[in-house]
Amino acid sequence: MRAYVASLKFGYRQITRDNMLLLMIFGPILCGVIFKYGIPILEEYISERYGLGKVLVPYYLLFDTLLSYIALNLICTVSSFIILEEHDDDVAAYLFVTPIGYSGYIFTRIITPIIIAFFLSLVVMLFFNLSELSFPLILSLIFLSMLYSAAVTLFTVSKAKNKVEGLALTKLSGVVFVGLLVPFFVNTNIQFLFGVLPSFWLAKASVSYGTSFFIPSILLGAICSAFWILIFYNKFKNKLF
Amino acid sequence: MRMLNSIRNDMKFQQKYGFYIVYMIITLSYIGILLFLPNSIRDVVKGIILFSDPAALGMFFMGAIILFEKSERVLDSIFVSPIKVDEYILSKVFSLSLISTTVGLAVVLATKFTTGNLVSLIIGLMLGSIFFSLIGLIVAVRVNSLNRFMLGIIPLGTIISFPPFLLFFDINNFILEIFPSVIIMKLILAGVGIVEINYVYSVVLIGWIFIFWLWARRNVIKMIKSLSGI
C-alpha cells in the first residue's frame, strides 16, 4: 500500500511540476462552458444569419456525448504522456522492480487518473449538458467513456516506442472518434460495421436512451472496450518485460 | 547537398516514427467524412479541416521531435556537425510542410476539386505549415517534457487559431486581415473555392514567417548554448 501511495505521489508531483493539474481541471470546465453557452449562441446566429431553422439543436445530444468523454480523454492523454516520458527516461523499468509491479503501475498511472476524471466528468456533465440529460444517462455515458479512455491510453502506450510515436498515435486515436458520429448520421444497419469502435457504442447508448436497445448498447460498449483493454494491456506488458 | 541530406534525414525520421502511416489513415478518414457530408457544407468543413489539421500538424509534431532529439542527445551530434541553425530549422519545417501539403491536396482532390484555386491551396498549406511548425519549435526548445509542451502550445495555439473563425461570422477588419492565421485560412478557403484571395496577403504572411523564424532561431541558439553549458 505504501508503495502505491509513493508511486501516486510521484505521478502527482510530475503533474503539478508541469502545471498540468490546471489544464486537467480547467480544460474540461472551459469546454463545458463553451458547449453550454457558446453553442446556443452559435445556433441563434446561424438561424438569424441564414434564415434556417434549428441547425445545431438536433445535435445537442451529440455535443453532450462528446462532453462526457472530454475530461477523461484529457486526463488520460496526460497519463499516457507521463508513461511515455517514464519509459523514455527508463524510470518505468525501475518502478517495476519495486513492490508496485506491473499491475500497480497500471493502477497508479491509468486507473487512478480515470477514477479522478470520473468525478470531474460528473461535475462537468451535471452543470454543462445541453439536453438536460437524466442522471442515469449521464452515469452510463461516463461509465462507457471511462472504459473507452482506458482502451485509448493502453493503445497509445503499448504501441508507441517513444514520445514521438506516442504523439502520432494520440493523433491516430482521434480517428476512432468517427464512431461517435455514426449513430447520429447513419440510420441503416450499416452503422454496426463501426461496432468495433468503443466510441460507436458511446454514441449508440446516447441515441438509444429510452428504448429497449439502451441496456444492450451499454453492455456491448463495455464488452467492446474490455476487449481492446485486454489486448493492449497484454501488449503493453509484453513490451515492458 | 548538406541541406538535401538534412531534409532527407528528417523525412526518414518521420517515416520511422510512423508519421506517414498515421497521416495516411487520417487522410482516408477525412476523405470518408467529407464524402459523407452534403455538398452545401462540404467545402466549408473541408476548409476548416485543412486549416486545423494538415496546416497545423507541425505545431504539435515539432514538440515531439525536438523533445525526442533532446532526450536522445541527438542535438549534441547535430550541432557539432557543419549544419547551420537556419539549415536545421529549414529542414524540419520544410519536411513537415511536405506532409501538410500532400495530405491537404489528397483530401481536396479526392473530394471533388471544382472551382477552387489550387495555387492558393498549395501556398496556404505550405506557408501555413511552416508558420505553425515555427510556433511549435519556439515552444519546444524551451521545455523539457511533453506535458509542459502541451501546456504551452494549447493556449498559444488556441489564441492563434481562433481569429480565422471570426470570418465565418462576417467579422473582418484590417487587423484581422493581416493576422497570420487569418491569411492562412483565407488562402485555404480560396483553395476550396469559397473566397477570392488577394495574393498581397501571402507577402504579409511571408513577413510573419520571417519574424517567427528569427524568434525560433534565437531560441534554438539559446538551446544549443544551454546544451553545451555556455
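Residue numbering restarts at 1 for every chain, and letters A, B, ... go by the order of the sequence lines.
Using a 4.5 Å cut-off between heavy atoms, Ile33(B) touches chain A through its side chain atoms alone.
Separation of atoms OG (Ser145(B)) and CG (Leu84(A)) is listed at 12.0 Å; rounding is to 0.5 Å.
Crowding of Phe119(A) atom CZ: a count of heavy atoms from other residues, nucleotides or ligands under 6.0 Å not exceeding 12. Heavy atoms of other residues, nucleotides or ligands lying less than 6.0 angstrom from CZ of Phe192(A) number more than 12. Residue Phe179(B) qualifies as enclosed at atom CZ: its count of foreign heavy atoms under 6.0 Å is above 12.
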I'd like a table of donor-acceptor pairs (distance under 3.5 Å, sequence neighbours excluded) in which one partner is a side-chain atom from residues 16-24 of chain B, with atom names and distances.
residue: Tyr20(B); atom: OH; partner: Gln14(B); partner atom: OE1; Å: 3.3
residue: Tyr23(B); atom: OH; partner: Asp53(B); partner atom: OD1; Å: 2.7

List the atom pairs, with distances to 0.1 Å, where a side-chain N or O of residues 155-162 of chain B and a protein N or O form a donor-acceptor pair under 3.5 Å, not counting sequence neighbours.
residue: Thr158(B); atom: OG1; partner: Ile154(B); partner atom: O; Å: 2.6
residue: Ser161(B); atom: OG; partner: Gly157(B); partner atom: O; Å: 2.7

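Closest non-hydrogen pair, Ile26(B) versus Lys171(A), comes out as CD1-CG, 3.5 Å.
Counting heavy atoms from C-beta on, the side chains of Met150(B) and Leu167(A) come closer than 4.5 Å. Looking only at side-chain heavy atoms (C-beta outward), Phe13(B) and Val164(A) come within less than 4.5 Å of each other.
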